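Just so we're clear, the structure is a prediction, and the values are computed from it rather than from any experiment.
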Amino acid sequence: MPLNIFPSTDWWQPAPRLTWQWQIGDNEIDTSIEADVYDIDLYVDQAIIDELHAKGRKVICYMSVGSYEDWRPDKDNFPVEVLGKDYEGWPGEKWLDIRRIDLLSPIMLARLDICAAKGFDGVEPDNMQIWDNDTGFPLTADDQLRYALWLAEEAHKRGLAIGQKNAADQVKDLVNVYDFAITEDAFYDNWAKAMLPYIQAGKPVFAAEYTDMPGDFQEFCRQSEVLGFSTILKNRGLDRWIETCK
């Protein structure tokens, strides 16, 4: 798909304190949730995206950039040399050798093309935090940063905002390039403040805590209010269920 059909100089610039819903684990997206922003899977039906836009929602396109998933329609496009160790806890997933942008680019760019063609407003590049995991490859923080900057450039070429997913140690390198941040367990694991530069730059932090962790969600909400984050409680499987900070 030729890139010149996509806008190249303008993309969504979200602001702090937008409300959000994150639903990846169900095939049937519940579009009735009151939220400014929906984060849903790349491969959802076009009608879902159109319905959300008709309701005035912004829609983020979820795609994994650091792992191979054996249920995806493009799974056969991954060369064997980029497939690493199994992603523990997530059956059917393997880590990717993100150093090999030359081999991954046809796959990831095709996914970004789909995001743009479907009219998504932004991208969630899941598993971009990778170098400190047991991937089977000798990845470094510099490898991760190089890949992250490449992804941002390609998303922006297609008129898509892009969010930093976790990777708190690289906030200083990415906050001026990325358009928002998404965190998991940041309050439970006590690193939420590391994402504050996004708020200071006028960009939102969409924070998710999980029901399978024993933290006090109301306390996390109090901290979230002080920081200016948009925080929700979700089941780990990211189904339609959500609890929001009141």
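- In this model, no donor atom of one side chain and acceptor atom of the other lie less than 3.5 Å apart for Trp95 and Asn133.
- Residues satisfying the side chain to side chain contact (heavy atoms under 4.5 Å, CB included) test with Arg17, not counting sequence neighbours, are Glu225.
- The ring pair (Phe, Tyr, Trp, His ring centres under 6.0 Å) analysis of residues 101-127, with sequence neighbours excluded, yields no pairs.
- Asp70 meets the salt bridge (Lys or Arg N to Asp or Glu O under 4.0 Å) test with no other residue; sequence neighbours excluded.
- Of the possible polar contacts, one joining the Gln23 side chain to the Asp30 backbone as a donor-acceptor pair under 3.5 Å is found.
- In this structure, the salt bridge (Lys or Arg N to Asp or Glu O under 4.0 Å) partners of Arg57, at least two apart in sequence or on a different chain, are Glu34.
- The backbone N or O of Thr19 lies less than 3.5 Å from a partner atom in the side chain of Asp36, making a donor-acceptor pair.
- Sorted by first and then second residue, the ring pair (Phe, Tyr, Trp, His ring centres under 6.0 Å) pairs with a member in residues 62-85 read Tyr68-Phe78; sequence neighbours excluded.
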Starting from the C-alpha separation in whole Å, work towards a yes-or-no answer on side-chain contact (heavy atoms from CB on, under 4.5 Å) for Lys165 and Gln129.
-> CA-CA 7 Å; Lys165 181 69 177 290; Gln129 181 177 338; over 6 Å; no
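- In this structure, the side chains of Tyr87 and Glu69 stay at 4.5 Å or more apart for every pair of heavy atoms.
- Between Ile98 and Leu104, the closest heavy-atom pair is CA-CD1, 3.9 Å.
- Side-chain atoms of Asp41 come within 3.5 Å of backbone N or O of Tyr43 as a donor-acceptor pair.
- The distance from atom CD1 of Ile40 to atom CG of Leu238, rounded to the nearest 0.5 Å, is 13.0 Å.
- Pairs passing the ring pair (Phe, Tyr, Trp, His ring centres under 6.0 Å) check and including a residue from residues 223-246, sequence neighbours excluded, read Phe187-Phe229.
- Screening residues 140-152 for side chain to side chain donor-acceptor pair (under 3.5 Å) gives Thr140-Asp143, Asp143-Arg146, Gln144-Gln170 as the qualifying pairs, with residues at least two apart or on separate chains.
- To the nearest 0.5 angstrom, Asp113 atom CG is 6.5 Å from Leu109 atom CG.
- Here the closest non-hydrogen pair linking Phe180 and Pro14 is CD2-CG, 4.0 Å.
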Going through the distances and angles, do Leu83 and Leu96 end up as a side-chain contact (heavy atoms from CB on, under 4.5 Å)?
-> CA-CA 5 Å; Leu83 302 183; Leu96 293 174; 3.9 Å; yes
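- Among residues two or more places apart in sequence or in another chain, the side chain to side chain donor-acceptor pair (under 3.5 Å) test is passed with Thr231 by Ser224.
- Partners of Asp74 under the salt bridge (Lys or Arg N to Asp or Glu O under 4.0 Å) rule, at least two apart in sequence or in another chain, are Arg111.
- Lys118 contributes a side-chain N or O that, together with a main-chain N or O of Leu42, makes up a donor-acceptor pair within less than 3.5 Å.
- Residues forming a side chain to side chain contact (heavy atoms under 4.5 Å, CB included) with Val171 (at least two apart in sequence, or on another chain): Gln164, Val175, Met195, Pro197, Tyr198.
- Between Phe220 and Tyr188, the ring-plane angle classifies as perpendicular under the 30° and 60° cut-offs.
- In this structure the side chain of Thr135 never reaches within 4.5 angstrom of the side chain of Lys85, judged on heavy atoms.
- Going from atom CD1 of Ile60 over to atom OH of Tyr38 covers 12.5 Å, rounded to the nearest 0.5 Å.
- Using a 4.5 Å cut-off on side-chain heavy atoms (C-beta onward), Trp90 and Asn127 make no contact.
- Heavy atoms of other residues, nucleotides or ligands lying less than 6.0 angstrom from NZ of Lys193 number 12 at most.
- Judged by distance alone, the side chains of Ser64 and Asp126 never bring a donor and an acceptor atom under 3.5 Å apart.
- Checked against side chain to side chain donor-acceptor pair (under 3.5 Å), Asp121 has the following partners two or more places apart in sequence or in another chain: His53.
- Contact of the Glu184 side chain with the Trp22 side chain is registered, since non-hydrogen atoms from C-beta on lie closer than 4.5 Å.
- Distance check: Leu151 CG to His156 NE2 gives 11.0 Å after rounding to the nearest 0.5 Å.
- Counting heavy atoms from C-beta on, the side chains of Ile199 and Leu227 never come closer than 4.5 Å.
- Note: Arg222 CZ to Asp216 CG = 6.0 Å, rounded to the nearest 0.5 Å.
- Contact detail for Cys61 and Asp39: the closest heavy-atom pair is C-OD1, 4.5 Å.
- Side-chain polar atoms of Glu51 and Thr31 form a donor-acceptor pair below 3.5 angstrom.
- The shortest distance between side-chain heavy atoms of Leu18 and Phe206 falls below 4.5 Å.
- For Lys246 (side chain) and Thr244 (main-chain N/O), a donor-acceptor pair under 3.5 Å exists by modelled atom type.
- Put simply, the side chain of Trp191 never gets that close to the backbone of Ala168: no donor and acceptor are under 3.5 Å apart.
- Contacts of Asp173 classified as salt bridge (Lys or Arg N to Asp or Glu O under 4.0 Å), with partners at least two apart in sequence or in another chain: none.
- Contact between Asp185 and Met213 at its shortest, heavy atoms only, is OD1-CG, 3.8 Å.
- In terms of heavy atoms, Ser67 sits closest to Glu93 at OG-OE1, 2.6 Å.
- In this structure, Leu112 and Val123 approach most closely via the heavy-atom pair CD2-CG2, 3.8 Å.
- The structure places CZ of Arg72 at 13.5 Å from CG of Asn77, a figure rounded to the nearest 0.5 Å.
- For Arg240 (side chain) and Glu28 (main-chain N/O), a donor-acceptor pair under 3.5 Å exists by modelled atom type.
- You'll find the side chain of Trp131 reaches within 4.5 Å of the side chain of Asp169, heavy atoms only.
- The backbone N or O of Ile162 lies less than 3.5 Å from a partner atom in the side chain of Asp179, making a donor-acceptor pair.
- Side-chain atoms of Leu174 and Met128, non-hydrogen and from C-beta on, do get closer than 4.5 Å to each other.
- Counting heavy atoms of neighbouring residues, nucleotides and ligands inside a 6.0 Å radius, atom CG of Asn190 does not exceed 12 of them.
- Summarising the local packing, CD of Glu81 is surrounded by more than 12 heavy atoms from other residues, nucleotides or ligands at distances under 6.0 Å.
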